[in-house]
Trainee: 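Would you mind keeping the following structure in view while I ask a few things?
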Amino acid sequence: MPIPRRSIVHMATSNPRFEAISRIATAKHELGRIDFRTTHLKELFGANVFNEEEQKARLPKPVFKALQKTIKQGVPLDPTVADAVASAMKDWALEHGATHYTHLFQPLTGLTAEKHDSFLTPTGTGKAIAQFSGKELIQGEPDASSFPSGGIRATFEARGYTAWDPTSPAYVRESPNGSTLVIPTAFVSWTGEALDKKTPLLRSMEALSTQAIRILRLFGHNDVQKVFATVGPEQEYFLIDKHFVYARPDLIHCGRTLFGAKPPKGQEMEDQYFGTIPERVLACMADVEAELFKLGVPVKTRHNEVAPSQYEIAPIFEDCNLATDHNQLAMDVMRRTAEKYGLVCLLHEKPFAGINGSGKHNNWSMSTDTGDNLLNPGDTPHDNAQFLVFCVAVIRAVARYPELLRVSVASAGNDHRLGANEAPPAIISIFLGDQLQDIMEQIEAGALKSTKQGGFMEVGVSVLPKFPKDAGDRNRTSPFAFTGNKFEFRAVGSFFSIGGPNVVLNTIAAESIDYIATHLEAAVKSGKTLAQAIADLLPGILKESKKVIFNGDGYSAEWHAAAEKRGLPNLKNTIDAIPAIIEKKSFDLFAKYKVFSDRELNSRYNIYSENYAKTINIEAQTMLVMARSMILPAAMRFQAEYAASLSALKAAGVDAGVQLNGLKSLALQIEKLHGAIAELDHAINHAGNGDAYSHAKYMRDAVLPKMETLRIIGDHLEMIIPDDIWPLPTYREMLFIK
């Protein structure tokens, strides 16, 4: 809410909190940066992308056809066409103001990385020309020594390669002083192992396509050449005024608040969700969308989320690889654009304790290159055998590999969110809805006869039209829910690259489809009809896999007890989940489909462990700095003022027994604060020896509890220290002052 300027004038500016509020109250932001009345979004969309239309216009016809076969059918790219593509790409980029090009890649930091090179090439005559060769397009060589490798490479071994990914189109990123041609690439080590998120994702997509086509051939679809995993990630985030963020070391270094008392009002009134979007936020959203439209990102939805100052942006479905690139791009654009409006975009899964955290709902399906969604049940799913085969394959995959799905969304940040009555529990289960649940039960019983229909919704108002009612409700407590023509993997964290979770989804689905295809092919070869082979196979699979199907309340204690009886794993935190990476069945699965080698899996095990330990260590160190340099001095100052006031009362002959008890209580809290600081300091400086996982486990078991204790004491002091002394912007200010 806006703060009246008159109330700010007399605030003491020596307090960083008051200084932040004062600056926010007097700030003026340029909101009219984008005007869709003069810039039509149809003209804007894809304007900065070297897309199929641009390729067709600029490339020789044989080169264009060869490139399209690579993009759409996965045919290996002929290196001889690279020079022609590079030349056309360069000319197009120069027309858009580009001076440099970069190979954009996704190292195992979870972020993107880039090194810019100029198009400029001296001629030796005192002049220069713009050049860009096919070799420069196809391959780059950034230093790989400073990126996580998980033990694949020694620190001194620096060579790594970026390789052009033609299936994700190049684009131009504008900046105030010129533009850059951005070329999406894969990133591998000198010895050939994947050092990124993209390479395993592309491998997993190939595995899924190969196996899915086997099923489609059985159904007579000989025209299908490729099957794509399709994804539409819903991205949640917070927007907080930059002055508040800059006054909080925890938000600067950790992306989340390590101290902060619960505000008098949070999300209890449920008035934020889908509410009117604040003007400054809406202007920022429109700017983000304009930039993303130019870059070909098909963002569709924007709205207020559940928590105060929390929002969501969601795109239309795309090819899984492109969706992953676009989501990384969207997060980058959101962060950069927010700064123009005096805001900071927080993508941490739990920036504020006690209120809704941020996730990234990963809506996943499979589609053919002819445009068919393989998870679309049609009007009568019980008659759609092809849909049922693919749907049962996904159910089987989740039932066989729940640990891998869980570890694909594991991080120190997401641990604060999962299972906290705001996000799915750590137990991986599937919600099917009433209609599909009924069909699966009929299949298991061997008598598939009918489909429950939704009918029409009666709302009791004559002027409102009747509208179709879905045959099943949605379940927000399920981590993996069927939502009409896709599965929604709701457990992915806001800051995650969706590459990791989709590698797992694609690979386990490929394994399950492979299993079903092998049995159906053998049955048909032996003389059975396809219909009979399906009827014989699916009931057994469902009987073995139905343990993972649950349509009820995933938050309930009863479900946790029932899940344990069903044998479903409950991996409550990252440390519990990480060992799943190096189980034998994980090695066997990923090796079979050539998605990860054993070395690559071991590297991920080490990297996830290192990331967890480093994250907790940074947070603990930040807590110590804040407790020692901000909270303790404020408490001591209050204690001194309190003591002086008490002395004045005694000197005046006033009975100050109550005040004396208050001072003693304050002194006790300060003593506790001193003790908690010392204990946390000891814990982080006495970590035991061992491998990366041992360090991560120590951080969970020894350091996190000390951090929680220190936070409780700090938050209690926030509630009793006078407002003019407390130095940190509070929840009530950060979440509600816009």
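As the structure is a computational prediction, the values presented were derived from the model and not from experiment.
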Trainee: Quick check: does any side chain N or O of Thr257 sit under 3.5 Å from a backbone N or O of Pro351, one acting as donor and the other as acceptor?
Mentor: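 Answer holds: yes.
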Trainee: Without swapping roles, check the side chain of Asp250 against the backbone of Leu258 for a donor-acceptor pair under 3.5 Å.
Mentor: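 It does hold such a pair.
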Trainee: Taking the side chain as everything from C-beta on, heavy atoms only, tell me whether Glu488 gets closer than 4.5 Å to Phe482.
Mentor: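 Counting from C-beta outward, Glu488 and Phe482 never come under 4.5 Å.
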Trainee: Assess the residue pair Ser358 and Gln310 against the criterion (side-chain hydrogen bond (donor to acceptor under 3.5 Å, both in side chains)); give the C-alpha distance rounded to whole Å, side-chain angles, the decisive distance to 0.1 Å, and a yes or no.
Mentor: CA-CA 8 Å; Ser358 295; Gln310 187 185 33; 3.1 Å; yes
Trainee: Which residues satisfy the side chain to side chain donor-acceptor pair (under 3.5 Å) test with Asp332, sequence neighbours excluded?
Mentor: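 Checked Asp332 against side chain to side chain donor-acceptor pair (under 3.5 Å); matches are Arg173, Arg336.
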Trainee: For residues Met699 and Leu704, determine if any side-chain heavy atom of one lies less than 4.5 Å from a side-chain heavy atom of the other.
Mentor: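 With C-beta onward as the side chain, the pair stays apart.
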Trainee: Check for a donor-acceptor pair, side chain of Asn384 on one end and backbone N or O of Pro377 on the other, with a separation under 3.5 Å.
Mentor: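 Indeed, once roles are kept as given, a pair shorter than 3.5 Å links the two residues.
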Trainee: Just so I know, are the side chains of Thr368 and Asn373 near enough to count as touching, which here means a heavy-atom distance under 4.5 Å?
Mentor: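 Side chain of Thr368 against side chain of Asn373, heavy atoms only: no contact under 4.5 Å found.
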Trainee: Would you call Lys592 and Asp588 a salt bridge, using N to O less than 4.0 angstrom?
Mentor: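 Answer for the salt bridge query: no.
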Trainee: Using the rule side chain to side chain donor-acceptor pair (under 3.5 Å), only one of Thr324, Thr199, Asp325, Thr112 pairs with Gln106; which is it?
Mentor: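 Result for side chain to side chain donor-acceptor pair (under 3.5 Å) with Gln106: Asp325.
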Trainee: For a quick test of reading the model, state the closest non-hydrogen atom pair linking Ala410 to Thr574 and the distance between them.
Mentor: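 Where Ala410 meets Thr574 most closely, the heavy atoms are C-OG1, 3.6 Å.
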Trainee: Could you walk me through whether Lys360 and Glu234 satisfy the salt bridge (Lys or Arg N to Asp or Glu O under 4.0 Å) test, starting with their C-alpha distance in whole Å, then the side-chain angles of each, then the deciding distance to 0.1 Å, before giving a yes or no?
Mentor: CA-CA 5 Å; Lys360 181 147 42 190; Glu234 304 167 34; over 6 Å; no
Trainee: Does any pair with a residue in residues 297-311 pass salt bridge (charged side-chain N to carboxylate O under 4.0 Å, His left out), and if so which ones, sequence neighbours excluded?
Mentor: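 Residue pairs with at least one partner in residues 297-311: Glu289-Arg302.
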Trainee: Should we say atom NZ of Lys585 is surrounded by more than 12 heavy atoms from elsewhere, each under 6.0 Å from it?
Mentor: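 Yes, the 6.0 Å shell around NZ holds more than 12 heavy atoms from other groups.
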Trainee: Apply side chain to side chain contact (heavy atoms under 4.5 Å, CB included) to residues Ile534 and Leu530 and explain how you reach the verdict.
Mentor: CA-CA 6 Å; Ile534 292 170; Leu530 179 59; 3.9 Å; yes
Trainee: So which heavy atom on Ile430 is nearest to which on Val394, and how close?
Mentor: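 Closest approach of Ile430 to Val394, heavy atoms only: CD1-O, 4.5 Å.
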Trainee: Counting neighbours of NZ on Lys697 that are heavy atoms of other residues, nucleotides or ligands and sit closer than 6.0 Å, is the number greater than 12?
Mentor: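 Check fails, neighbour count at 12 or below.
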Trainee: Indicate yes or no: does Asp415 engage Arg700 in a salt bridge with an N to O separation below 4.0 Å.
Mentor: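 The answer is no: the pair does not qualify as a salt bridge.
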Trainee: Restricting to non-hydrogen atoms, name the atom on Pro539 and the atom on Ile443 that form the minimum distance, rounded to 0.1 Å.
Mentor: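 Residues Pro539 and Ile443, closest heavy atoms: CG-O, 3.3 Å.
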Trainee: If you round to the nearest 0.5 Å, how far is CG of Leu571 from CG of Leu405?
Mentor: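 Output value for this atom pair is 11.0 Å.
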Trainee: Using the side-chain hydrogen bond (donor to acceptor under 3.5 Å, both in side chains) rule, take Asp514 and Thr518 through it: C-alpha gap first, then chi angles, then the decisive distance, then the call.
Mentor: CA-CA 6 Å; Asp514 181 2; Thr518 299; 3.2 Å; yes
Trainee: Any donor-acceptor pair under 3.5 Å linking the side chain of Tyr311 with the backbone of Gln235?
Mentor: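 No: the side chain of Tyr311 does not pair with the backbone of Gln235.
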Trainee: What about the rings of Phe596 and Phe587, do their centers lie closer together than 6.0 Å?
Mentor: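 Not close enough - the centres of the two rings lie 6.0 Å or further apart.
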Trainee: Can you list the steps and then say if Tyr237 with Met334 is a side chain to side chain contact (heavy atoms under 4.5 Å, CB included)?
Mentor: CA-CA 9 Å; Tyr237 60 99; Met334 287 159 59; 3.3 Å; yes
Trainee: So which of Val503, Asn506, Thr210, Val227 actually passes side-chain contact (heavy atoms from CB on, under 4.5 Å) with Met205?
Mentor: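 Answer after filtering Val503, Asn506, Thr210, Val227: Asn506.
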Trainee: Between Tyr515 and Arg396, is there a cation-pi geometry (under 6.0 Å to ring centre, at most 45° from the normal)?
Mentor: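 Relative to the ring axis of Tyr515, which defines the angle, Arg396 lies inside both limits.
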Trainee: Identify the two heavy atoms, one from Ala412 and one from Ile616, that lie closest to each other, and give their separation to 0.1 Å.
Mentor: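 For Ala412 versus Ile616, the nearest heavy atoms are CB-CD1, 4.0 Å.
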Trainee: Check whether any side-chain N or O of Asn356 sits under 3.5 Å from a backbone N or O of Val306 as a donor-acceptor pair, and report yes or no.
Mentor: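 No.
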Trainee: Does the ring centre of Phe187 sit less than 6.0 Å away from the ring centre of Phe147?
Mentor: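 For Phe147 and Phe187, the ring centres are under 6.0 Å apart.
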Trainee: Is the distance between the ring centroids of Phe431 and Phe487 under 6.0 Å?
Mentor: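 Aromatic pair excluded; centres sit 6.0 Å or further apart.
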Trainee: Using only atom types and a distance under 3.5 Å, with no angle test, would you say the side chain of Ser365 pairs donor to acceptor with the backbone of Lys486?
Mentor: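 Side chain of Ser365 to backbone of Lys486: no pair is present.
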Trainee: Would you say Asn617 and Val703 make side-chain contact, with heavy atoms under 4.5 Å?
Mentor: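 Sidechains of Val703 and Asn617: no contact.
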Trainee: When you look at Ile215 and Leu520, which way does the side chain to side chain contact (heavy atoms under 4.5 Å, CB included) test go after all the steps?
Mentor: CA-CA 8 Å; Ile215 297 287; Leu520 293 181; 4.2 Å; yes
Trainee: I want to check something: taking the side chain as every heavy atom from C-beta on, are Glu511 and Tyr593 in contact at a cut-off of under 4.5 Å?
Mentor: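 Touching, per the 4.5 Å side-chain cut-off.
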Trainee: Answer whether the closest heavy-atom distance between the side chains of Leu374 and Leu216 falls below 4.5 Å.
Mentor: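 Leu374 vs Leu216: side chains touch.
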Trainee: Is Leu589 close to Val595 at the side-chain level, that is, under 4.5 Å between some pair of heavy atoms?
Mentor: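 Heavy-atom side-chain distance check fails, nothing below 4.5 Å.
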Trainee: Tell me, which pairs form a salt bridge (charged side-chain N to carboxylate O under 4.0 Å, His left out) where one or both residues lie in residues 539-549, sequence neighbours left out?
Mentor: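 Listed by first then second residue: Glu444-Lys546.
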Trainee: Can you check whether Thr167 reaches Asp319 side chain to side chain, under 4.5 Å on heavy atoms?
Mentor: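 Side chain of Thr167 against side chain of Asp319, heavy atoms only: no contact under 4.5 Å found.
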Trainee: Any idea which heavy atoms bring Ser494 and Glu236 closest together, and the distance?
Mentor: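 Shortest heavy-atom contact: OG-O, 2.8 Å.
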Trainee: Determine, step by step, whether Thr477 and Arg490 satisfy the side chain to side chain contact (heavy atoms under 4.5 Å, CB included) criterion, reporting the C-alpha distance in whole Å, the side-chain angles of both residues, the deciding distance to 0.1 Å, and the verdict.
Mentor: CA-CA 9 Å; Thr477 72; Arg490 295 174 54 87; over 6 Å; no
Trainee: Tell me if a side-chain donor or acceptor on Arg406 pairs with a main-chain N or O of Ile578 at a distance below 3.5 Å.
Mentor: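 Looks like no, no N/O pair under 3.5 Å.
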Trainee: Evaluate the ring planes of Phe480 and Phe489, with Trp represented by its six-membered ring, and classify them as parallel (under 30°), tilted (30 to 60°) or perpendicular (over 60°).
Mentor: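 Perpendicular.
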Trainee: Return yes if some donor-acceptor pair links the side-chain N/O of Ser204 with the main-chain N/O of Leu201 below 3.5 Å, else return no.
Mentor: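 Indeed, once roles are kept as given, a pair shorter than 3.5 Å links the two residues.
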Trainee: So which heavy atom on Leu322 is nearest to which on Ser168, and how close?
Mentor: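 Taking every non-hydrogen atom into account, CD1-OG, 3.6 Å.
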Trainee: Decide side-chain hydrogen bond (donor to acceptor under 3.5 Å, both in side chains) for Ser694 and Asp691; before the verdict, give the C-alpha distance in whole Å, the side-chain angles of both, and the deciding distance to 0.1 Å.
Mentor: CA-CA 5 Å; Ser694 298; Asp691 59 11; 2.7 Å; yes
Trainee: Evaluate the salt bridge (Lys or Arg N to Asp or Glu O under 4.0 Å) criterion for residues Lys614 and Glu619: first the C-alpha distance (whole Å), next the side-chain angles of each, then the deciding distance (0.1 Å), finally the verdict.
Mentor: CA-CA 9 Å; Lys614 290 174 180 177; Glu619 291 182 349; over 6 Å; no
Trainee: side-chain hydrogen bond (donor to acceptor under 3.5 Å, both in side chains), that's the test. Do Asn602 and Arg599 meet it? Break it down for me.
Mentor: CA-CA 5 Å; Asn602 277 309; Arg599 288 190 72 198; over 6 Å; no
Trainee: Would Phe352 and Phe238 count as a ring pair (Phe, Tyr, Trp, His ring centres under 6.0 Å) here? Give the steps.
Mentor: CA-CA 10 Å; Phe352 303 98; Phe238 282 82; 5.4 Å; yes
Trainee: With a 3.5 Å distance limit and no angle check, can you tell me whether Asp438 reaches the backbone of Asp434 through a side-chain donor-acceptor pair?
Mentor: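 Looks like no, no N/O pair under 3.5 Å.
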Trainee: Taking Arg214 for its side chain and Leu218 for its backbone only, find out whether a donor-acceptor pair lies under 3.5 Å.
Mentor: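 Such a contact is absent between Arg214 side chain and Leu218 backbone.
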